Amino acid sequence: MTQIDFYTILPVSLLVVWACALLLVDLNITKERKGLTALLAAVGLAVTMGVALTQIGQNYTGFKGMVVLDGFSNFLNILFLLTGMFGIAVAIGYLKRMNLERGEYYVLMLFSVAGMMLMSQATDLIVTFLALELLSIPLYVLAAFAYSRTESAEAGIKYFLLGSYATGFVVFGIALTFGAAGTTSFAAIAAAVASGTATTSLLLAGSALILVGLGFKVAVVPFHMWTPDVYQGSPTSVTAFMAAGAKAAGFAALLRIFATVFPSLANDLMPVIAIISALTMILGNVTAIAQTNIKRMLAYSSIAQAGYILMAFVPFADKSIRLDSVSAGLFYLVAYTITSFGSWGVVMAMEKAEGRGLSIEDYAGLGRKYPLLAAAMTVFMLSLTGLPPTLGLIGKLYLFRAVMEGGVTWLALIGVLTSLISAFYYLRVIVVMYMKDGDPQPANETWLGLTIGACAVLTVIFSFIPQSLFAWASQAVLKLF
Amino acid sequence: MVPTNYYLALAAILFTMGAMGVLIRRNALVIFMSVELMLNAANLTFVTFARMYSTLNTTSVYNGQIFVFFVMTVAAAEVAVGLALIVAIFRNKQSIDVDQLNSLKG
């Protein structure tokens, strides 16, 4: 083991060590002062973020090709750390309000973020599998964090059973891929495929099973059934973290595996992915219309958004545009993460104990009484629909352009039509906020307010300078191919 | 020596049994056992392929065997979390029948 090995995984190991230490420190923090644990966890994330920022532009391979530090992993690590920080900022007040304040919450969150980061750095299927579990197992616990409430316990067990079911598929898929190529390293599998020594049928079955397993994690149709229940039942601070972070991590793994390991299968897999993407957009958006509970509506919306991100995989067979399409996918991932986190933040502000304050009707009158909160929610809803002046619009434009260039016009058309459908339920929230009278009483918490504000400002500002973000995203994926 | 295909066929049967079991059975514990069956089917596949490649290449391929250890460790971690969750749901509902997990609807 050399210094380079450790430098490659420095952010991940720093976070894991910090989380372990925090678990011990938390024992000595009294129940009234759990804010200190949150602060320490946030400091851990900030320090790791500092390290990750110094690693921008560096390229190293560690542990004999098991993990890698490149633009792609660096870009996503920064995104995951940001999600983690937001996740802690919104949780402080929310957990206190919901009487859930326990130190493990922050520690579990740190472990989960470490799993996400390892996932983006993995270049060996063994590491991908371990990272997937490091990310998922803490989330199972977090989903059931309010276990005395039936809904939360139920969300936890549903997430756990379906999550481990998905893991079964991933592991079996990895086993078949290993059988096809005789190795688990991404580079070696790609080399075996290129030289024709790999068994194509086994490889195809393996990649399909991995796609199914990761499809569960990112919640695409037909593997989405758990999402609405889990998102609705979990404490909202956990839902926000899951919807933004876990989904992005799943896509990170999908992108890296399918870009580096299975490019030769592109022609076989792409029609399947195109159909999954189309079904996801249609079903997610159409089902969301019927929802009256905002958590459930946003859950279906997150399913639909996964369909849009999946579009980035479709023009993959075409070498000339796959760089553009993957960058567009990464760009949309950032747009989605920031926007969805903000919208879940507003939901958290409006939520009352015992699961009240979660119906869309409860937002009536927000526009008049709390104009700032309503304005932020408006920005998020516009961005999720894909209307100006928001990041969501730019992200969709990049995606649709990549898909059109790839010659899959029908998919871009479905994307546009489903965006139109989605306008119905997103704009309904805005209409309720501004045109109905009511007496909303959102929570007044500094950190929550700051996070919502930061998300709203980022969503708007980045939409005016999308080029710089897109350039960073393309820089990040350049090394993948 | 037993041919590789026999092991692979057995692993495929075990995996299918596990995957079907999750869909068909209603008891959370049995579903959980079915998931474990899927993981063990994958383990059997790993070991089989590792042995196949070792006999083919003369140099040993350890990735498969090592992966099995990781899968077993992770499965143990999953058991710890999963059983705790099942206990939590039993305290709430006095039942671990997944058909009764119906408080979330829409």
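Lettering of chains follows the sequences in order, A, B, ..., and the numbering in each one begins at 1. Source: prediction; values computed, not measured.
With a 4.5 Å cut-off on non-hydrogen atoms, Ser148(A) touches chain B through its backbone but not through its side chain. For Asn102(B), the part sitting under 4.5 Å from any heavy atom of chain A is the backbone (N, CA, C, O) and nothing else. Residue Ile174(A) touches chain B through both its backbone and its side chain, counting heavy-atom pairs closer than 4.5 Å. Neither the backbone nor the side chain of Ala80(B) has a heavy atom closer than 4.5 Å to any heavy atom of chain A. Residue Leu132(A) does not touch chain B at all, counting heavy-atom pairs closer than 4.5 Å. Interface remark: Ala75(B) contributes no atoms to any contact with chain A (heavy atom separation under 4.5 Å). For Phe15(B), the part sitting under 4.5 Å from any heavy atom of chain A is the side chain, from C-beta outward, and nothing else.
Considering CZ of Phe172(A) and CG of Asn43(B), their distance stands at 10.5 Å, rounded to 0.5 Å. Residue Met38(B) holds its CE atom at 9.0 Å from OG of Ser164(A), rounded to the nearest 0.5 Å. Annotation: the span from Leu125(A) atom CG to Phe67(B) atom CZ amounts to 6.5 Å, rounded to 0.5 Å. Taken to the nearest 0.5 Å, the CD atom of Glu133(A) stands 11.0 Å off from the OG1 atom of Thr73(B). Of the inter-residue distances, the one linking Ile157(A) atom CD1 with Ile96(B) atom CD1 reads 8.0 Å to the nearest 0.5 angstrom. Note that the CG atom of Leu101(B) and the CG atom of Asp229(A) stand 9.5 Å from one another [nearest 0.5 Å].
Put simply, of Ala88(B), Gly64(B), Ala84(B), the one with the most heavy-atom pairs under 4.5 Å next to chain A is Gly64(B).
Glu154(A) places a side-chain N or O within 3.5 Å of a backbone atom of Ser103(B) that can act as its donor or acceptor partner. Asn92(B) places a side-chain N or O within 3.5 Å of a backbone atom of Tyr147(A) that can act as its donor or acceptor partner. At least one donor-acceptor pair closer than 3.5 Å links the side chain of Tyr165(A) to the backbone N or O of Ala19(B).
At a threshold of 4.5 Å between non-hydrogen side-chain atoms, the residues Phe160(A) and Ile86(B) do not count as touching. Taking the side chain as every heavy atom from C-beta outward, Val74(B) and Leu130(A) approach each other to under 4.5 Å. Within the 4.5 Å cutoff, the side chain of Phe46(B) has heavy atoms near those of the Val171(A) side chain. For the pair Val71(B)/Phe129(A), a side-chain contact is recorded, criterion being any heavy-atom separation below 4.5 Å from C-beta on.
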